[in-house]
2 protein chains.
Amino acid sequence: MSQKKISSTEENYLKAVYSLSEKISENSYVSTNSIADEMQTKAASVTDMVKRLAEKTMLTYVPYKGVRLSGLGKKIATDLIRKHRLWEVFLVEKLGFTWAEVHPIAEQLEHIKSDELVHRLDAFLEYPEYDPHGDPIPDKEGKFRAKPEILLSDLKISEAGIIVGVKMHSPQFLEYLDSKKLVLGTKVEITEIIEFDQSMIVKLENESSFNVSSKICKNLYIQMA
Amino acid sequence: MSQKKISSTEENYLKAVYSLSEKISENSYVSTNSIADEMQTKAASVTDMVKRLAEKTMLTYVPYKGVRLSGLGKKIATDLIRKHRLWEVFLVEKLGFTWAEVHPIAEQLEHIKSDELVHRLDAFLEYPEYDPHGDPIPDKEGKFRAKPEILLSDLKISEAGIIVGVKMHSPQFLEYLDSKKLVLGTKVEITEIIEFDQSMIVKLENESSFNVSSKICKNLYIQMA
DNA sequence: AAAAATATTTAGACTAGTCTAAATATTAAT
DNA sequence: ATTAATATTTAGACTAGTCTAAATATTTTT
């Protein structure tokens, strides 16, 4: 049932295309250049690779237009995302890594091939719905649960909510959040919005209050209380 | 501190050489052909690869004689064995795999690169000393604990002991052992030795008695009671 | 609608890893 | 000590994946 033979490199291209597809409208094409950017490689390499992946029916490739994932391609990509996020939960919940550290390790672990392993890992972790960054973990069929939509920057004065995810995943950003105790589950209330730079004064449950930059507000997902 | 850049393929060659070195006398060479056998590849490919590994000072290569691991090569090989065995413990103890299933998955997991991961996994598993097949897990420095030496076939009539390891690792063999309840920790006593085929009548703690073939006796490690 | 700027593909070369077939070296046998 | 058998290496080709530089297509600007 699972895929015939696919290299980690091919998997990574499919993952990149999937992620780029999410950012554009439903039936438009993902461009060669955007893939090259995402993969930190050159456009010429991308052209070669997408031809191979098209050959394997994982995506459709229209020269000078771009690519679109096929059902098979989407399945492989969401399987990877599922594995990546399950491993991240494992690394944080069981091994005590911080959310800032897990990405590069999960990036390797996601390529381990064993359906049984994924299934057992999922059970061991008690079927988690979200990874340590608040991103939903797709099920075996590649279906995603609702993902957080509201950003802290969308809140108005006196509104409150709970931090449920991060949009940006850079370790620096995550470490900064840790230092400010702006972690998942934290309840925040907006007490003031500074107009000229769009920063916010945020009050935590422990009554401490401080200024949060616009950049940070735009990268924190909130569940309204 | 840890190695610069090494591919999984190179790692597998070093592991093969290490394993073959164990089977021969201290300062003799591992032959090209034996490596080709172990790796399921051709001698010509081995020649190419050992030249590369010699270039990287992971082993010394003498044309027409064979190879010998350097200190660096040994370190990389024992690190791999350490990781392989730790992952096997994880798969059996935490995920509930059988000892017959874990090898091919650990074979992939052992190539994940993160010293911190190994360290935390080791702690999570509470610093196991042996893997699910009774093989000792080397420490960070590559030092091995004593490995089981006595085989069931070495026992005399009326002698007893506990199964502490297996010499052969084929899934078929391991599944057969499971079916006969000849698992690690099982206490066995020799009640009879059949001379003409070197098979043994073995009594378990539950008083059940049955014939165990010579082939099996030669592949079970025993801790004498 | 032509010119300029930008995006994409092709051509050709490179590396790691593999193979087969031929050449050469070593070991065993007479 | 030659010959025969076996082990090993070399030569040359192939695949996957990458790159640079040149060619071509598309889009934007005027």
Side-chain angles (χ1 to χ4, degrees), chain A residues 3-17 20-21 23-25 27-69 73 76 80 107-108 111 113, chain B residues 3-17 20-21 23-25 27-69 73 76 80 107-108 111 113:
Chain A
Q3 56 269 17
K4 309 222 163 208
K5 211 162 259 185
I6 180 166
S7 70
S8 295
T9 309
E10 290 172 325
E11 287 184 333
N12 285 337
Y13 271 91
L14 293 174
K15 199 162 53 110
V17 174
L20 292 166
S21 306
K23 292 170 191 160
I24 59 176
S25 69
N27 54 1
S28 65
Y29 290 89
V30 175
S31 77
T32 303
N33 253 11
S34 64
I35 299 171
D37 270 16
E38 181 88 6
M39 302 279 303
Q40 317 248 62
T41 184
K42 297 300 152 72
S45 309
V46 174
T47 302
D48 287 350
M49 180 55 93
V50 298
K51 280 180 185 167
R52 279 194 288 273
L53 294 174
E55 199 62 41
K56 297 187 179 186
T57 76
M58 290 163 183
L59 48 74
T60 55
Y61 165 55
V62 183
Y64 292 103
K65 279 235 120 56
V67 302
R68 225 160 12 183
L69 288 185
I76 295 170
L80 278 172
E107 202 77 358
Q108 299 177 65
H111 297 293
K113 279 162 187 66
Chain B
Q3 56 270 18
K4 310 225 163 203
K5 212 163 258 182
I6 180 166
S7 71
S8 295
T9 308
E10 290 171 325
E11 286 184 335
N12 285 336
Y13 271 91
L14 293 174
K15 199 162 53 111
V17 174
L20 292 165
S21 305
K23 292 169 189 159
I24 60 177
S25 67
N27 53 2
S28 65
Y29 291 89
V30 175
S31 76
T32 304
N33 254 10
S34 64
I35 298 171
D37 270 17
E38 181 90 5
M39 301 281 302
Q40 317 246 63
T41 185
K42 297 299 153 69
S45 310
V46 175
T47 301
D48 286 351
M49 180 55 92
V50 297
K51 280 180 186 169
R52 279 193 288 273
L53 294 174
E55 199 63 41
K56 297 186 179 187
T57 76
M58 290 164 184
L59 48 75
T60 55
Y61 165 55
V62 183
Y64 293 103
K65 280 234 118 58
V67 302
R68 227 159 12 182
L69 287 185
I76 295 170
L80 278 171
E107 202 77 358
Q108 298 178 65
H111 297 294
K113 279 161 187 66

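Below, chain A is the first sequence line, B the second, and so on; all start at residue 1.
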Under the side-chain contact (heavy atoms from CB on, under 4.5 Å) test, which residues partner [X], sequence neighbours left out?
| X | answer |
| --- | --- |
| B:N33 | B:S31, B:A43 |
| A:T41 | A:Y13, A:M39, A:S45, A:V46 |
| B:E38 | B:A16, B:S19, B:L20, B:K23 |

Going 5' to 3' through nucleotides 9-17 of chain C, assign each nucleotide B (protein heavy atom under 4.0 Å from a base atom), S (under 4.0 Å only from sugar-phosphate atoms) or - (no protein heavy atom that close).
BB------S
Is A:K42 close enough to D:dT20 that one of its side-chain N or O atoms is under 4.0 Å from OP1 or OP2 there?
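Checking D:dT20 against A:K42, a side-chain N or O does come within under 4.0 Å of OP1 or OP2.
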Within less than 4.0 Å of OP1 or OP2 of D:dA7, is there a side-chain N or O belonging to B:S31?
no
Can I get a per-line list of side-chain donor-acceptor pairs under 3.5 Å for residues 50-66 of chain B, giving both atom names and the distance, sequence neighbours left out?
from  : atom 1 : to    : atom 2 : distance (Å)
B:K56 : NZ     : B:E10 : OE1    : 3.2
B:K56 : NZ     : B:E10 : OE2    : 2.8
B:T60 : OG1    : B:R68 : O      : 3.4

Would you mind reading off the distance between B:Q40 atom CD and C:dT18 atom P, rounded to a whole angstrom?
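In whole Å, C:dT18 P and B:Q40 CD are 12 Å from each other.
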Using the side-chain hydrogen bond (donor to acceptor under 3.5 Å, both in side chains) criterion, which residues pair with A:T9? Sequence neighbours excluded.
none
